[in-house]
Amino acid sequence: MKPSGSWRTPGTPGTPGASSTPGSVAEAVAVQEELRPLVDLVGPGPSAPATVAGLDVAYAEGGDLLAAAVTVLDARTLAVVDSAVGVGRPAFDYVPGLFALRELPALLGALDRLTTLPDLLVCDGHGLAHPRRFGLACHLGVVTGLPSIGVGKTPLVGTWDPPSAERGSWSSLRDGGDVVGRVLRTRDGVKPVFVSVGHRMSLENATAQVLALTPRYRLPETTRTADRLCRDALAEAEQAG
DNA sequence: GCGACAG
DNA sequence: ATCTTGTCGC
């Protein structure tokens, strides 16, 4: 039972603390500050990725059991072409801003079990739209070396003006003088999502990719398929033991 | 000091 | 995240 530590194609070999879990809040913050400079903000990322991965985690009632899932979709048809899921334990208590430490080991474990190496990771949470500009999407991107973006359902930091009601409209998400993301309307008249860059992606491209992944629903198909997979896996795990 | 706070 | 009752609309 290897924990989660290695990655097939490390973007930055020898990255310290990349996938080991800190033992305290102070250590967790230190890990984020240490890895933050490794984020590639130049991008621009693939304009026409062949495959896009969605990542999500589901928790059992007690919060002591979780299932992490990754689904890989054909970017053109949005069909699932590969997937991996695994159950485990949260690696850290939930603390806003340190959320990534909680799910990272389980997600890396699932990524390791993929047969396909996706061209882009779409994370359920924020990237740069984070107090220290190092949310889950940045962390996963740096550790895997893959282009990544974050799509959050609710804000963590920042202020914004409401985008107009039509799908495709957006407004800048600003925090501390920085544009850290976009508030993007993916469906007409429906609550927007919060898009931010994770790693090796431009904000413009991240926006385009999210729109390509939302032909019908508010959330990206990647997120929806991963959500279903980890929920099902969690239900099975709870029945089994 | 008080509220807010990804999932 | 997860739980929950009810409501509106396709």
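Keep in mind it's a predicted model, so treat the numbers as computed, not measured. The sequence lines fix the lettering, A, B, ..., with proteins before strands; numbering per chain opens at 1. What's counted below: heavy atoms across the whole structure, side chains too, no hydrogens, waters or symmetry copies.
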> If pairs are Watson-Crick or G-U with both distances under 3.5 Å, what is the dot-bracket string of DNA chain B, marking crossing pairs with [ ] and pairs to another strand with |?
Replying inline: .......
> If you write DNA chain C from 5' to 3' in dot-bracket form, with Watson-Crick or G-U pairs under 3.5 Å, [ ] for crossing pairs and | for pairs with another strand, what do you get?
Replying inline: ..........
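Applying the 6.0 Å contact sphere to CZ of A:Arg218 captures more than 12 heavy atoms from other residues, nucleotides or ligands. More than 12 heavy-atom neighbours from other residues, nucleotides or ligands sit within 6.0 angstrom of CG on A:Asp74. The neighbour count for A:Arg167 CZ, taken as heavy atoms of other residues, nucleotides or ligands under 6.0 Å away, is above 12.
Across all their heavy atoms, A:Val85 and A:Cys230 have their closest contact at CG2-CA, 4.3 Å. When all heavy atoms of A:Thr71 and A:Thr222 are compared, the pair lying nearest together is OG1-O, 3.4 Å. Here the closest heavy-atom approach between residue A:Leu229 and residue A:Ala84 is recorded as CD2-O, 3.9 Å.
A donor and an acceptor atom, one from each side chain of A:Ser164 and A:Glu166, are located under 3.5 Å apart. For the residue pair A:Glu103/A:Tyr59, the side-chain donor-acceptor check at 3.5 Å is satisfied.
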>> With side chain to side chain contact (heavy atoms under 4.5 Å, CB included) as the criterion, how do A:Leu98 and A:Asp93 come out once you've worked through the C-alpha distance, each side chain's angles and the decisive distance to 0.1 Å?
In response: CA-CA 9 Å; A:Leu98 299 178; A:Asp93 288 331; over 6 Å; no
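Within the nucleic acid shown, A:Pro155 comes within 4.0 Å of sugar-phosphate atoms alone, with no base atom in reach, counting heavy atoms only. Using a 4.0 Å heavy-atom distance criterion, A:Leu136 is classed as a base contact. In this structure, A:Gly150 reaches neither bases nor backbone, as no heavy-atom distance under 4.0 Å exists between it and the strands shown. Note on A:Leu98: a base of the nucleic acid sits closer than 4.0 angstrom, heavy atoms only.
Evaluation of the side-chain hydrogen bond (donor to acceptor under 3.5 Å, both in side chains) test over residues 22-31 of chain A, restricted to residues two or more places apart or in two chains, returns none.
Of the options A:Thr186, A:Leu184, A:Val183, A:Leu211, a side-chain contact (heavy atoms from CB on, under 4.5 Å) to A:Val195 is made by A:Leu184 and by none of the others.
From A:Glu61, atom CD reaches atom CG of A:Leu234 across 9.5 Å, with rounding to the nearest 0.5 Å.
For the pair A:Asp56 and A:Arg231, the salt-bridge criterion is not met [side-chain N within less than 4.0 Å of a carboxylate O].
Residues A:Leu146 and A:Val70 fall within the same hydrophobic cluster, defined by Ile, Leu, Val, Met, Phe, Trp and Tyr side chains chained together at heavy-atom separations under 4.5 Å.
Counting only distance, with no hydrogens or angles, the side chain of A:Asp119 and the backbone of A:Ala50 share a donor-acceptor pair below 3.5 Å.
Note that the first and last nucleotides of DNA chain B, 5' to 3', having any atom under 4.0 angstrom from a heavy atom of chain A are B:dC5 to B:dG7.
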Polar atom pairs (N or O), protein with nucleotides 8-10 of chain C, under 3.5 Å:
none

Could you write out each protein N or O paired with an N or O of nucleotides 1-6 of chain C at a distance under 3.5 Å?
residue, atom, partner, partner atom, Å
C:dA1, OP2, A:Lys153, NZ, 3.1
C:dT2, OP1, A:Tyr59, N, 3.4

